[in-house]
Amino acid sequence: MNDTEFHLADNAALLVIDVQKGFDDAPFWGPRNTPAAEANIAALMDAWEATGRPLVLVRHTSVNPGSVLAAGHPGHAFKDFVEERGGRAALRIDKTVNSSFYGTPDLAEWLTAQGVGQLVVAGIQTNMCVETTARMAGNLGYDVLVPLDATHTFDLSAGPQGPALTAEQLATATAVNLQGGGFARVTTTQALLAAAPAPATA
């Protein structure tokens, strides 16, 4: 991870992606990584509220009726700590695919209207919606920061006869893909919190 110093813009937007109750269903998803992810996401949300930076909440609505993330399923709801902190969210997006840029309302349109050029991307799953959103944001020209310890994912296989990777291996691959590929800078929650104090007022 890259913990070198960076400038956090006064209007850097924090995207909290798919932190929903359905991801607590361990029998459905299997083993996960980063036990502190939720605490780190909460700390970032608190810092964004304290400094007046914009918060964007993104929620996945699965088109599969059997999914724990389908509309109407209890798992579709945000986790309690997100809902408790989400009252001041500047934008709430619903999506049915991996990228937060393909949701409603339109994220890019809102960012442009607000003059936001820097994004901090956190949430679930590291190698799915977080990585896809960060890749697309990088392609669109945003300055993207990903605190890897404020994300988590699950072990994944390509099928009964296919290869398998642990959640930690997948997270490492995401970090390499994003930073090595020039899509985003991978950092930590602590580095962002250190950079987050509100700018001095005149």
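- Looking only at atom types and distance, the side chain of Arg53 has a donor-acceptor partner in the side chain of Thr51 under 3.5 Å away.
- In this structure, CD on Gln125 lies 10.0 Å from OG1 on Thr174, to the nearest 0.5 angstrom.
- Between the side chain of Gln118 and the backbone N or O of His7, at least one donor-acceptor pair lies under 3.5 Å.
- When all heavy atoms of Thr151 and Ala122 are compared, the closest pair comes out as CG2-CA, 4.1 Å.
- A donor-acceptor contact under 3.5 angstrom links the side chains of Glu131 and Asn177, judged on distance only.
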Start with the C-alpha distance between Met128 and Leu156, add both sets of side-chain angles, then the distance that settles side chain to side chain contact (heavy atoms under 4.5 Å, CB included), and finish with yes or no.
CA-CA 11 Å; Met128 298 289 186; Leu156 185 66; 3.7 Å; yes
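- Heavy-atom minimum distance, Thr188 versus Pro147: C-CB, 3.9 Å.
- Under a hydrophobic-cluster definition in which Ile, Leu, Val, Met, Phe, Trp and Tyr are linked whenever side-chain heavy atoms come within less than 4.5 Å, directly or via other members, Val97 and Val130 are assigned to the same cluster.
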Under the side chain to side chain contact (heavy atoms under 4.5 Å, CB included) rule, what do Leu165 and Asn127 come out as? Steps first, then yes or no, please.
CA-CA 11 Å; Leu165 292 175; Asn127 57 311; over 6 Å; no
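- Between Leu111 and Phe101 the shortest side-chain heavy-atom distance falls below 4.5 Å.
- Atom CG of Asp106 is separated from atom CD1 of Ile93 by 8.0 Å, given to the nearest 0.5 angstrom.
- For the pair Val144/Leu178, no side-chain contact is recorded, criterion being any heavy-atom separation below 4.5 Å from C-beta on.
- Leu15 is connected to Leu140 through a chain of hydrophobic side-chain contacts under 4.5 Å among Ile, Leu, Val, Met, Phe, Trp and Tyr, so both are in one cluster.
- Atom CG of Leu57 is separated from atom CZ of Arg85 by 12.0 Å, given to the nearest 0.5 angstrom.
- One hydrophobic cluster holds both Val58 and Phe183 under the rule that ILVMFWY side chains link at heavy-atom gaps under 4.5 Å.
- Summarising the geometry, atom CD1 belonging to Ile124 is positioned 7.5 Å from atom CG belonging to Asp24; distances are rounded to the nearest 0.5 Å.
- Criterion: ILVMFWY side-chain heavy atoms under 4.5 Å apart, direct or through other members. Under it, Val82 and Val68 are part of a common hydrophobic cluster.
- Separating the CG atom in Leu145 from the OG1 atom in Thr187 is a distance of 6.5 Å, to the nearest 0.5 Å.
- Between Leu55 and Glu49, the closest side-chain pair of non-hydrogen atoms is not below 4.5 Å.
- Counting only heavy atoms from C-beta outward, the side chains of Leu91 and Pro105 approach each other to under 4.5 Å.
- In terms of heavy atoms, Ala167 sits closest to Asp155 at N-OD1, 2.7 Å.
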Would His152 and Glu38 satisfy side chain to side chain contact (heavy atoms under 4.5 Å, CB included), going step by step from the backbone distance to the final call?
CA-CA 9 Å; His152 81 76; Glu38 284 84 353; 3.7 Å; yes
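- Here the shortest heavy-atom pairing between Val186 and Ala175 reads CG2-O, 3.7 Å.
- Taking every heavy atom of both residues into account, Ala12 and Pro54 meet most closely at O-CD, 3.5 Å.
- By the 4.5 Å heavy-atom criterion applied to side chains, Leu8 and Val120 are counted as neighbours.
- In this structure, Trp48 contributes its side chain and Ala89 its backbone to no donor-acceptor pair below 3.5 Å.
- Shortest non-hydrogen contact noted between Ser157 and Ala164 is CB-CB, 3.7 Å.
- Residues Arg135 and Asn98 fail the side-chain proximity criterion, which asks for heavy atoms closer than 4.5 Å.
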Would you sort out whether Phe154 and Leu170 count as a side chain to side chain contact (heavy atoms under 4.5 Å, CB included), showing the intermediate values?
CA-CA 8 Å; Phe154 304 90; Leu170 290 165; over 6 Å; no
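- Here the CG-OG1 distance, from Leu107 to Thr133, works out to 8.0 Å after rounding to the nearest 0.5 Å.
- No donor-acceptor distance shorter than 3.5 angstrom exists from the side chain of Asn40 to the backbone of Thr189, with no hydrogens or angles considered.
- With Asp18 as the fixed residue, the side chain to side chain donor-acceptor pair (under 3.5 Å) test singles out one of Arg59, Lys79, Lys95: Lys95.
- Under a 3.5 Å cut-off, the side chain of Asn33 and the backbone N or O of Ala171 do not form any donor-acceptor pair.
- Side chains of Arg185 and Asp143 form a contact here, defined as non-hydrogen atoms less than 4.5 Å apart.
- With hydrogens and angles left out, the side-chain atoms of Thr126 and Thr153 include no donor and acceptor closer than 3.5 Å.
- Applying the salt bridge (Lys or Arg N to Asp or Glu O under 4.0 Å) test to Arg92 and every residue at least two apart in sequence or in another chain returns Glu83.
- Residues Val121 and Val176 do not share a hydrophobic cluster, defined by chaining ILVMFWY side chains whose heavy atoms lie under 4.5 Å apart.
- Ring geometry for Phe23 against Trp29 counts as tilted: the plane angle lies between 30° and 60°, on a 0 to 90° scale.
- Looking at heavy atoms from C-beta onward, Val16 lies in side-chain contact with Met45 at the 4.5 angstrom threshold.
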